[in-house]
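Note sheet for the following structure.
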There are 2 protein chains.
Amino acid sequence: MGTILPKFDSVFSIDCVIFGFDEGELKILLIERNEEPFKNWWALPGYIVEQDESIDHAAERILYELTGLRGIYMDQFYTFGDVNRHPQGRVITVAYYAMIRLSGSKDLKPVSNYASKAVWIPVNDLPKLAFDHEKIFSKGFEKIRHKISYQPIAFELLPEKFTLTQLQHLYEVILNKKLDKRNFRKKMLNYGILKELDEKQKGVSYRAAKLYKFDKRKYAKLFQKEITFGK
Amino acid sequence: MGTILPKFDSVFSIDCVIFGFDEGELKILLIERNEEPFKNWWALPGYIVEQDESIDHAAERILYELTGLRGIYMDQFYTFGDVNRHPQGRVITVAYYAMIRLSGSKDLKPVSNYASKAVWIPVNDLPKLAFDHEKIFSKGFEKIRHKISYQPIAFELLPEKFTLTQLQHLYEVILNKKLDKRNFRKKMLNYGILKELDEKQKGVSYRAAKLYKFDKRKYAKLFQKEITFGK
DNA sequence: ATTACTTAGTGTAAAAAATACACACTATAT
DNA sequence: ATATAGTGTGTATTTTTTACACTAAGTAAT
């Protein structure tokens, strides 16, 4: 940071905690910054909000530029506004989390070059982050951990068709605790928001499991039937 | 709004949904604006964030200027950033809720004069509000309704010493549903976060009820023992 | 002192939900 | 044919939630 940097006044920015579930691990997308300040540091994807775009739109745009994906599940979770959180001026940042289906494919197509690279990193293995991004990540992680216990957001991270074991693993990883297989299945199937398919897992060297889909319609009908998990 | 107004660039502001519980009703504090835009409209208390103060600080300051109170329970809940939410320019507002013990006294001492008046109004009887403040209020109300079911925030609205019936009424008002008296008491006392006092209600023309206090210590010990109410 | 009034305070039984727990089945690979 | 690895299933126990109604205590009026 040896160079002299321009000062600026108030700016809004967006930072995103983008979750993905891959190879049994919960990961987030980090970028390596190629600009001062914090050049070469890892950071959450984020950028300035334009004059004529809403913050929700800015969040979607940033996600798109980085992954080439649209229509992703995103939710605003907190706004960070300490005076000195940015060394160059007053930047208040609105944080969003997003959930992406990695589904093995993993082939994101960044549409911008504002970062030298973007990499999926397991949440249990994060490097030091720029600015107050560690704080932002922690709060975001806490939020989804809380939310997963009463809203069906886990499905956003799984492929469209998944096995109950995959679903259980995901819950276990996010809640950071073991769950009982029989009880998990009983409960999950009881909500009536899963649709059993006539299809089985493929390419495994053991008995293939049944595949399920999240049934949005049924869920919408039950509407605010909140889900309870993790106690 | 007939006058021509100055334009400005990006600004952060804070808006507060300040809850109070009085005479069995849940109320919020509204101000009547005495400046354009929306002159003479009712609005949530709010103001611009200064260059050198954090957003949390700004929220506390605004609350202080309006009520003369400090150290009040406040929590940030959402940030509103639509492009045209403010007619004069781009204003992104961070919304907080606060909870105030009205305790009969009700004698707030406004320290500023930025509003022509400030009045407590029952949440079921709100007038039209300026800007997108109705949306902000709704989201804030939704948040405390959700939060009250797993965190002991209700106590912030009651006098230090309260009866179980008062506590139950407050839950009923916020959750907008009747609760069973015996079950409510059983559950509430079971958490072990209430301290029974050697004191009784005074000045009532019927059998006086026992007074209780919220026991912060015990709660802190149980730490994240979350509370469940309203199902 | 009696009475009427109003709210406080209490227990139990039934239903529902959560938990703990273990083994046989099935597909594949060798 | 055998080993391997994960799938899929049921029951008994405990805990939590729900439904429900009367007596006790204090005040006010007569």
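The structure presented is a predicted model; accordingly, all values stated were derived computationally and were not measured. By convention in this document, chain letters (A, B, ...) are assigned in the order of the sequence lines, proteins followed by strands, and residues within each chain are numbered from 1.
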To the nearest Å, give me how far apart [atom1] ([X]) and [atom2] ([N]) are.
X	N	atom1	atom2	result
A/Gln166	D/dA5	CD	P	19 Å
B/Phe184	D/dC20	CZ	C1'	18 Å
A/Arg182	D/dT11	CZ	P	11 Å
B/Lys181	D/dA19	NZ	P	17 Å
A/Asn183	C/dA22	CG	C1'	13 Å
A/Lys202	C/dA27	NZ	P	14 Å
A/Leu167	D/dG8	CG	P	13 Å
B/Leu179	D/dT17	CG	C1'	13 Å

Test of understanding: with salt bridge (charged side-chain N to carboxylate O under 4.0 Å, His left out), list the residues that count as partners of [X], not counting sequence neighbours.
X	result
B/Lys216	none
B/Lys117	B/Glu32
B/Glu156	B/Arg101

Exercise for the section: Please list, chain by chain and in numerical order, all residues satisfying ring pair (Phe, Tyr, Trp, His ring centres under 6.0 Å) with B/Phe80, sequence neighbours excluded. Expected result: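 So B/Phe80 forms a ring pair (Phe, Tyr, Trp, His ring centres under 6.0 Å) with B/Tyr78.
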Exercise for the section: May I ask you to decide if the ring planes of A/His146 and B/His146 are parallel, tilted or perpendicular, using 30° and 60° as cut-offs? Expected result: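 Tilted: the ring planes of A/His146 and B/His146 meet at 30° to 60°.
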Quiz prompt | For A/Val123, side-chain contact (heavy atoms from CB on, under 4.5 Å) partners two or more places apart | solution =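 In terms of side-chain contact (heavy atoms from CB on, under 4.5 Å), with neighbours along the sequence ignored, A/Val123 is linked to A/Phe19, A/Leu26, A/Ile28, A/Phe137, A/Phe141.
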Rounded to 10°, the angle between the first-five-pair and last-five-pair axes of the helix from C/dA1-D/dT30 to C/dT30-D/dA1 is 10°
Atom pair CD1/CD of A/Ile72 and A/Glu60 - distance to nearest 0.5 Å: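 Here the interatomic distance stands at 10.0 Å.
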task = Give B/Lys200 one of three labels, base, sugar-phosphate or nothing, depending on what nucleic acid heavy atoms sit under 4.0 Å from its own.
result =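 If one applies the 4.0 Å heavy-atom cut-off, B/Lys200 turns out to touch the sugar-phosphate alone, with no base involved.
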*asked:* Which residues in residues 204-214 of chain B have a heavy atom closer than 4.0 Å to any atom of DNA chain C?
replied: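 By residue number: B/Tyr206, B/Arg207, B/Ala209, B/Lys210.
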So which one's nearest nucleotide on DNA chain D is more toward 5', A/Asp180 or A/Gln201?
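Whichever sits nearer the 5' end wins; that is A/Gln201.
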Contacts of B/Thr163 meeting side-chain hydrogen bond (donor to acceptor under 3.5 Å, both in side chains) (sequence neighbours excluded), chain-then-number -> none
* To do: Check side-chain hydrogen bond (donor to acceptor under 3.5 Å, both in side chains) between A/Asp132 and all other residues, then give those that pass, not counting sequence neighbours.
  =>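 With sequence neighbours excluded, A/Asp132 shows a side-chain hydrogen bond (donor to acceptor under 3.5 Å, both in side chains) to A/Arg85, given in chain and number order.
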Hey, does the side chain of A/Arg185 come within less than 4.0 Å of D/dT9's phosphate (OP1/OP2), counting only N and O?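 Looking at the OP1 and OP2 atoms of D/dT9, neither is under 4.0 Å from any side-chain N or O of A/Arg185.
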Per nearest nucleotide of DNA chain C, the residue lying toward the 5' end, B/Thr165 or B/Lys186, is B/Thr165
